[in-house]
Amino acid sequence: MAQLTILEFPDPRLRTRAAPVQVFDAALERLIADMFETMYAAPGIGLAATQVNVHQRLIVVDVSEAHDDPQVFINPVILKREGKEQSEEGCLSVPQVFEPVERAERVTVRAQDAQGELFERELSGLLAVCVQHEMDHLEGKLFVDYLSSLKREHIRRRLEKERRERAGAPRSRPVSGWRVASGAKVI
Ligand code: GNR
Ligand code: NI
């Protein structure tokens with residue numbers, strides 16, 4: 001088993017649309033085990049393969065307190081959405097940010113298990129929120145995409161600054177003449 005590196009916003013690799021899993025083999029089993037290890041260590045309640053730079057349609061979740069309810073959804077599809085519910089979301093790829101997001105309250109999901117066997121499940125509560133959040137990752141979508149662009153840019157600037165400081169260049173400044181996409185001056 002091995003812990004995998006989690007990509008962080010605004011890494012462009014998080015925008016990749018994942019391809020269907022077609023081979024159900026020992027390598028897939030190992031990837032699933034490594035994703036669970038990475039998720040539990042983080043700690044998080046879900047992880048999409050996209051977040052560990054594997055662009056296949058695979059998510060793992062465990063919303064139990066005791067970490068004893070691991071669930072894998074491969075090539076998941078939402079067949080039915082019912083109700084609306086707003087809840088605070090966070091993301092291992094957007095550390096320290098928690099904001100309300102509206103999702104369907106209940107979803108019926110069809111997916112395959114690690115052996116390729118199809119199953120269908122009705123999900124509600126935190127599990128429904130989490131699976132919708134993870135399935136967005138497989139489309140290259142992040143929960144911050146539901147926020148205003150002002151809020152998202154603020155988060156991006158803050159995370160980029162924190163990353164620069166962690167890398168040990170606290171006073172690094174952009175090359176003179178650089179501008180952000182909006183045309184505003186970089187401070
Ligand atoms: O650990 C996580 N917590 C969480 C809380 C509310 C809504 C969604 C999530 S998923 C997140 C882990 C993660 O980033 N999965 O992609
Ligand atoms: Ni996430």
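As the structure lists them, so they are numbered: ligands from 1, and atoms in each ligand from 1.
Looking at D136, its side chain never comes within 3.5 Å of a backbone N or O of H133 through a donor-acceptor pair. Checked by atom type and distance alone, the side chain of E165 never pairs as donor or acceptor with a backbone atom of E162 at under 3.5 Å. No side-chain donor-acceptor contact under 3.5 Å links S93 to the backbone of Q51. A donor-acceptor pair is defined here as one N or O able to donate and one able to accept, closer than 3.5 Å; no such pair exists between the side chain of Q71 and the backbone of V61.
Contacts of ligand 1 (protein heavy-atom distance under 4.0 Å) are G44, I45, G46, Q51, E88, E89, G90, C91, L92, V129, H133, E134, H137.
Taking the charged nitrogens against the carboxylate oxygens, E153 and R157 have no contact shorter than 4.0 Å, which rules out a salt bridge. Taking 4.0 Å as the cut-off between side-chain N and carboxylate O, E134 and R57 do not count as a salt-bridged pair.
Summarising the geometry of D11 relative to L7, their closest heavy-atom pair is OD2-CD2, 3.8 Å, with the distance given to 0.1 Å. Summarising the geometry of A49 relative to L138, their closest heavy-atom pair is N-CD2, 4.5 Å, with the distance given to 0.1 Å.
Residue-and-atom listing of protein N/O/S atoms under 2.8 Å from the Ni ion (ligand 2), sorted by chain and number: C91 SG, H133 NE2, H137 NE2.
Both tests do not hold together for K151 against Y146: distance to the six-membered ring centre under 6.0 Å, angle to the ring axis within 45°.
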